[in-house]
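To start, the structure itself, in structure tokens.
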Amino acid sequence: MIKTYGGIRELRPDTETCNDWGGSSVEAAARFPKKCLGRADRTFSQGLQCQQINSVMALLSMEEAAFVVHAPLGCAGCCSMANDWFRVGQLHRGNFAMRNARVLVTNLDEKDIILGGEKKLRQALHLAWERYRPKVIFIFTSCASGIIGDDVDAAAREAQEEFAAQEGVPPQVVPIHCEGFKSKVCASGYDAAFLSMTNYILKDEAPGETIPGLLNLFAPPTVSYIDQMEIERILHEIGITVNYIPFYSSLDKIRQIPRAQASTAICKVFADEFMRTLERAYGIPYSHTIMPIGSRNTDRWLRGVAKIMGKEAEAEAYIAKERAAVAPLVANLKERLTGKTVFITGGTGRTFAAGALVDDFGMRLLGMQTPTYDKYVQEDVEKLNAIHGNFVLDVANMMPFEQVNLLKKLQPDVFIGVPVWAARLGLPTTHVLDIKRPTLGYRNLVYLGQKIAAQIENPGYNKRIAAYASLPYKESWYAEDPFKFITKGGA
Ligand code: SF4
């Protein structure tokens with residue numbers, strides 16, 4: 001049996017994980033190695049991103065798959081966003097006859113919470129099979145199914161046996177244990193999706209012969225198709241072929257994972273535990289560096305991949321060529337952006353990568369909001385401290401009330417991240433987390449720079465939003481300490 005970790009990021013033995021902290025980045029970097037950042041908590045919280053959404057988003061675009069969300073109806077709300085991404089992704093890939101993802105919800109209600117929901121789960125599995133004849137059916141668990149103790153594995157096993165007794169090729173039925181209460185670190189949801197691949201799809205099967213030059217490239221669903229093509233192009237240029245997993249992937253591609261020469265991920269917090277599992281189980285080396293946003297990070301990411309693939313000379317030649325090609329464009333952007341201040345928020349992988357990106361344009365980092373702090377974040381914070389000096393660090397899974405308080409106080413020239421609240425303050429905003437636009441690699445950094453400059457130079461749209469849309473906070477909140485509700489928990 002392949003040995004895996006349990007799927008709960010807070011319980012990893014090799015690193016402390018903190019979800020609630022606020023202060024200066026220099027203080028955070030000094031405290032973490034002494035183990036005194038602390039497992040803090042909040043006495044007031046606006047709600048966290050549930051890990052189930054990450055499991056759903058990671059897999060919803062899988063080919064020939066159907067999905068059963070074993071949950072009350074509300075838990076499946078995230079499927080509409082994931083489905084939107086799935087549809088946009090189809091369009092970008094040239095499929096104009098877009099379809100919806102095949103999702104069924106068991107709609108657990110009060111009666112099921114008392115009497116158990118396994119009957120509804122079995123019905124949903126049979127309905128998914130009859131309707132769609134998929135090759136694989138994924139079951140997403142929820143807080144409700146976990147609390148009442150439904151035996152989802154047994155239901156999956158029984159359904160699998162029943163399908164096998166019928167005509168046709170039976171689907172693989174794969175439970176994903178992504179109950180929201182298990183973890184406050186939303187990236188645990190990605191781990192739950194990868195654990196299901198390890199435990200139910202790859203299992204103990206012999207991997208087959210290694211395919212020379214093949215790289216497992218694990219990418220989160222937030223990576224746009226333009227970015228996928230750009231990263232694949234870069235890798236092809238240095239003689240590497242790619243097994244792109246799991247967005248728009250398939251069972252066959254998953255089964256090919258153990259045959260790759262090496263693995264890497266586009267996002268630093270995506271598939272890192274899975275890559276460690278693959279190394280333990282199959283001896284597949286992996287590179288775990290940073291997200292390739294901005295020239296400095298793309299260099300670092302590509303050098304990490306080249307090292308494990310034996311392509312170092314090719315990578316160096318390529319880096320020199322690409323850097324020279326974009327240098328005049330970056331210099332132009334630097335003229336427009338030098339000295340501008342920025343606040344960045346987003347997933348852990350993107351925020352820290354974007355922190356280095358803005359240095360390409362001579363910008364100064366004022367503050368950052370990121371979901372977690374662990375030893376991998378520590379590396380990034382140390383690097384950013386060396387580039388930008390001290391900045392405000394808010395370790396928060398969501399928490400817009402802290403974000404707007406910080407933005408009011410810091411008044412950055414531009415906000416990078418999900419713009420819903422910052423736009424209502426009239427600040428120029430742009431993204432680094434957008435499945436519809438480019439972000440990654442040398443060429444796309446120019447696109448990002450143009451977006452930042454354009455927003456700063458043309459702030460009228462957000463100013464009008466601010467004139468007509470208000471935020472739900474009293475003025476008195478903006479005078480408070482933004483970290484007032486964080487209780488520092490000690491070591
Ligand atoms: S699984 Fe739990 S945390 Fe996630 S949406 Fe459902 S109730 Fe909320």
Side-chain angles (χ1 to χ4, degrees), residues 53-67 78-103 128 131-138 140 171 174 189-190 193-194 197 201 211 213-238 240-257 260 263-267 270-271 291-293 298 301 305 347 349-350 431-448 451:
I53 187 172
N54 282 11
S55 297
V56 169
M57 286 195 304
L59 297 169
L60 207 71
S61 60
M62 285 270 298
E63 278 174 20
E64 295 166 314
F67 306 88
C78 61
C79 292
S80 59
M81 182 178 87
N83 189 51
D84 173 53
W85 292 10
F86 173 50
R87 290 175 66 87
V88 169
Q90 291 172 69
L91 193 66
H92 286 182
R93 285 163 178 80
N95 178 6
F96 294 93
M98 294 174 289
R99 67 167 176 86
N100 290 323
R102 294 152 176 163
V103 184
R131 269 194 200 164
Y132 305 119
R133 296 281 150 176
K135 279 191 180 171
V136 56
I137 304 174
F138 291 103
F140 299 106
V174 179
Y190 291 140
F194 284 116
M197 290 183 198
I201 300 176
I211 303 171
L214 183 68
L215 177 77
N216 289 321
L217 180 59
F218 299 108
T222 45
V223 171
S224 67
Y225 185 50
I226 303 172
D227 279 332
Q228 178 187 341
M229 286 193 299
E230 178 61 3
I231 293 297
E232 289 187 349
R233 184 190 68 76
I234 291 172
L235 292 170
H236 287 160
E237 291 259 352
I238 63 168
I240 294 171
T241 46
V242 166
N243 188 27
Y244 194 84
I245 303 281
F247 215 37
Y248 291 90
S249 184
S250 63
L251 263 188
D252 290 342
K253 283 176 145 192
I254 290 174
R255 291 200 178 106
Q256 208 178 38
I257 290 172
S263 304
T264 196
I266 285 181
C267 173
F270 186 75
M291 205 164 194
I293 297 178
T298 307
W301 184 84
V305 174
R350 286 192 198 226
H431 77 99
V432 272
L433 182 83
D434 188 334
I435 60 143
K436 296 169 188 174
R437 296 179 187 86
T439 299
L440 305 175
Y442 302 100
R443 297 181 187 181
N444 293 341
L445 92 94
V446 176
Y447 178 91
L448 265 181
K451 283 278 290 180

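Nothing fancy with the numbering, it's 1 onward along the sequence.
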- [ ] Determine the minimum heavy-atom distance between Leu91 and Phe96, stating which atoms define it.
- [x] CD1-CD2, 3.5 Å

Task: Heavy-atom pair with the smallest gap, counting every atom of Glu63 and Ser250 - done: OE1-CB, 3.7 Å

- [ ] Hey, could you give me the CG/CZ distance between Leu59 and Phe67, rounded to the nearest 0.5 Å?
- [x] 6.5 Å

Open item on the list: Could you check whether any side-chain N or O of Asn83 sits under 3.5 Å from a backbone N or O of Ala101, counting only pairs where one atom can act as donor and the other as acceptor?
Closed with: yes

Task: Side-chain donor/acceptor of Ser224 to backbone N/O of Lys436, under 3.5 Å - done: no

Open item on the list: Would you say that more than 12 heavy atoms from the other residues, nucleotides or ligands in this model lie under 6.0 Å from the NZ of Lys253, or not?
Closed with: yes

Task: Heavy-atom side-chain contact between Arg87 and Asn100 under 4.5 Å - done: yes

Open item on the list: Distance check, rounded to the nearest 0.5 Å: Ile435 atom CD1 versus Met81 atom CE?
Closed with: 9.0 Å

TODO: Find the distance between NE2 (His92) and CH2 (Trp85) and round it off to the nearest 0.5 Å.
DONE: 13.0 Å

Task: Separation between OG1 of Thr298 and CG of Leu445, rounded to the nearest 0.5 Å - done: 7.0 Å

Open item on the list: Can you tell me how far apart NE2 (His431) and CG (Leu448) are? Round to the nearest 0.5 Å.
Closed with: 5.0 Å

- [ ] Would you give the length of the straight line joining atom CZ of Arg102 to atom CZ of Arg131, rounded to the nearest 0.5 angstrom?
- [x] 11.5 Å

Task: Under 3.5 Å: donor-acceptor pair, side chain of Glu232, backbone of Val242 - done: no

Task: For the student: nearest non-hydrogen atoms of Ile254 and Met62, plus distance - done: CD1-CE, 3.5 Å

Open item on the list: Using a 3.5 Å distance criterion without hydrogens, assess whether the side chain of Ser55 forms a donor-acceptor pair with backbone atoms of Gly189.
Closed with: yes

Task: Contact check, side chains of Glu64 and Val136, non-hydrogen atoms, under 4.5 Å - done: no

Open item on the list: Could you check whether any side-chain N or O of Trp301 sits under 3.5 Å from a backbone N or O of Ala265, counting only pairs where one atom can act as donor and the other as acceptor?
Closed with: yes

Task: Verdict with supporting geometry, Met98 and Phe86, side-chain contact (heavy atoms from CB on, under 4.5 Å) - done: CA-CA 9 Å; Met98 294 174 289; Phe86 173 50; over 6 Å; no

- [ ] Return the minimal non-hydrogen interatomic distance between Ala128 and Pro134, and the atom names on each side.
- [x] O-CD, 3.7 Å

TODO: Can you see which heavy atom on Cys79 is nearest to which on Val103, and at what distance?
DONE: SG-CG1, 4.0 Å

- [ ] Say whether, by atom type as modelled, one donor and one acceptor occur between the side chain of Tyr248 and the main chain of Gln90 under 3.5 angstrom.
- [x] yes

Task: Arg437 to Asp227 - nearest heavy-atom pair and separation - done: O-OD2, 3.8 Å

Task: Option passing ring-ring contact (aromatic ring centres under 6.0 Å, His included) with Phe270 (candidates Phe247, Phe218, Phe194) - done: Phe194

- [ ] Indicate yes or no for a side-chain donor-acceptor contact from Ser263 to the backbone of Asn216 under 3.5 Å, with no hydrogens or angles considered.
- [x] no

Open item on the list: Tell me whether Asn444 contacts the main-chain N or O of Pro438 through its side chain, where contact means a donor paired with an acceptor under 3.5 Å.
Closed with: no

Task: Given Leu217, Leu214, Ile234, Val305, the one that forms side chain to side chain contact (heavy atoms under 4.5 Å, CB included) with Ile240 - done: Val305

